[in-house]
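To start, the structure under review is shown below, and the notes come after it.
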Amino acid sequence: MQSLLKLISKDNIAAIDIKVACAMGDIFNEAYLWDKAEPLLRQVVRTHAQALGTNHLDTIQVMGHLAATLRRAGKLEEAEDIEQQVLKAQIKAFESRHPDTIQVMSNLATTLWSAGKLEKAEDLYQQLLKAQTEALGSRNPDTIQTMANHAGDTMVDTVADGSLTTRTVKVMANLAATLRNVGRLKEAKDFEQQVLKAQIEAFKSKHPDTIWAMINLAATLKKAGRLKEAEDLEQQVIMNQSHFDSSHF
């Protein structure tokens, strides 16, 4: 670490290769040395902006690393501003489905969630999932990981009594369906059980959304070979569905 610190003197920064600078910034970030990573990356951004211009991809790359450092250091407003610039440049240079653009969208969405800007973050996550699905397909591990990350972020989006919001439940249900479709049944079951619990707490067992949650969980259990559990749940669905139908006749 001491040898790295010597490299970031003002006399040396201008000569540091951009990839080396980003790697050094990442090392400092992993060690929670944001006070070291931030000035290094700021100086590299300035150097490359002066030499290559602010829209050059090398400059944009370092800006992305600087934004990540600022986010980790809790400087969310500046991180968001920089990531907006980086995203705009990436879309202009490539397209929304390019892997680098998708990564920038993911970073910005994380920053927005951290800053409590939930609606903006949700909108961006939907764009991200659309771009990733178009580029890689809905069953690709990276697409599924994005959905999982989104579900993880929304888990903190709770109402006053600690229960999950409607948005959170919907995200988790979508992720569970994807996991079921690709055969990751244990993970799908775990999410669907959380969804069902949340729906029962919010609406009781005879609400249509709760019934759908039961149907989805039963489908996952059946696919996993847990036939008795699936059958028991299907019986609950029939009973609740009959009650719902008769009450609206």
Minimum-distance pair of heavy atoms, taken over all atoms of Ala121 and Ala109: CB-O, 3.8 Å
Partner of Lys130 by side chain to side chain donor-acceptor pair (under 3.5 Å), out of Gln126, Gln127, Glu134: Glu134
Let me confirm one number: the CG-OG1 distance from Asp26 to Thr69, rounded to the nearest 0.5 Å. 7.5 Å
Rounding to 0.5 Å, atoms CG (Leu185) and CG (Leu221) come to a distance of 9.5 Å
Closer than 4.0 angstrom, basic N to acidic O: yes or no for Glu30 and Arg72? yes
Is there a donor-acceptor contact under 3.5 Å from the side chain of Lys223 to the main chain of Gly183? no
Examine distances only and state if a side-chain atom of Thr133 and a backbone atom of Leu129 form a donor-acceptor pair shorter than 3.5 Å. yes
Mind checking the CG-CD spacing from Leu233 to Glu192? Nearest 0.5 Å is all I need. 10.0 Å
If hydrophobic clusters are built by linking Ile, Leu, Val, Met, Phe, Trp and Tyr wherever their side-chain heavy atoms come under 4.5 Å apart, do Leu217 and Ile215 end up in the same one? yes
Can you give me the closest heavy-atom contact between Ile102 and Ser96, atom names plus distance? CG1-O, 3.5 Å
Evaluate side-chain contact (heavy atoms from CB on, under 4.5 Å) for Ile200 paired with Lys197, printing each intermediate quantity in order. CA-CA 5 Å; Ile200 290 173; Lys197 181 183 177 192; 5.9 Å; no
Closest non-hydrogen atom pair between Ala188 and Leu179, with its separation: CB-CB, 3.8 Å
Lys222 and Ala230 have their tightest heavy-atom pair at N-CB, 3.8 Å
Output all residues satisfying salt bridge (Lys or Arg N to Asp or Glu O under 4.0 Å) with Arg46, sequence neighbours left out; order by chain, then residue number. none
Can you measure from CD (Gln85) to CG (Asn55) and round to the nearest 0.5 angstrom? 9.0 Å
Return the minimal non-hydrogen interatomic distance between Gly25 and Ala37, and the atom names on each side. O-CB, 3.8 Å
Kindly determine whether Arg180 and Asn216 satisfy side-chain contact (heavy atoms from CB on, under 4.5 Å), including the steps that lead there. CA-CA 9 Å; Arg180 186 194 326 120; Asn216 291 333; 3.5 Å; yes
Please say whether more than 12 non-hydrogen atoms of neighbouring residues, nucleotides or ligands are located less than 6.0 Å from OH in Tyr32. no
Please check: side-chain N/O of Thr101 versus main-chain N/O of Arg97, any donor-acceptor pairing under 3.5 Å? no
Rounded to the nearest 0.5 Å, what separates atom CG in Asp58 from atom OG1 in Thr47? 12.5 Å
Is the backbone N or O of Lys189 less than 3.5 Å from a side-chain atom of Thr220, with the two atoms forming a donor-acceptor pair by type? no
Reference residue Leu66; test side chain to side chain contact (heavy atoms under 4.5 Å, CB included); the match among Gln61, Glu83, Glu38: Glu38
Check whether Met105 and Leu76 end up in the same hydrophobic cluster, where Ile, Leu, Val, Met, Phe, Trp and Tyr are linked by side-chain heavy atoms less than 4.5 Å apart. no
Arg71 and Glu80 ion-paired at < 4.0 Å: no
Does Thr110 use its side chain to pair, donor to acceptor, with the backbone of Ser106 at less than 3.5 Å? yes
Linked, directly or transitively: Ile60 and Ile91 (ILVMFWY side chains, under 4.5 Å): yes
Within a radius of less than 6.0 Å around NZ of Lys120, do more than 12 heavy atoms belonging to other residues, nucleotides or ligands occur? no
Taking side chain as C-beta onward, heavy atoms only, is Lys36 less than 4.5 Å from Leu40? no
Give a yes or no on whether Trp212 and Leu196 share a hydrophobic cluster (residues Ile, Leu, Val, Met, Phe, Trp, Tyr; joining criterion: side-chain heavy atoms under 4.5 Å apart). yes
Heavy-atom nearest pair, Pro39 first then Trp34, reads CD-O, 4.2 Å
Ring pair (Phe, Tyr, Trp, His ring centres under 6.0 Å) partners of His98, counting only residues at least two apart: Phe94
side-chain contact (heavy atoms from CB on, under 4.5 Å) filter on Glu231, not counting sequence neighbours, yields none
Below 4.0 angstrom, N of the basic side chain to O of the carboxylate: do Glu78 and Arg42 qualify? yes
Nearest 0.5 Å, please: how far is CG in Leu128 from CG in Asn107? 10.0 Å
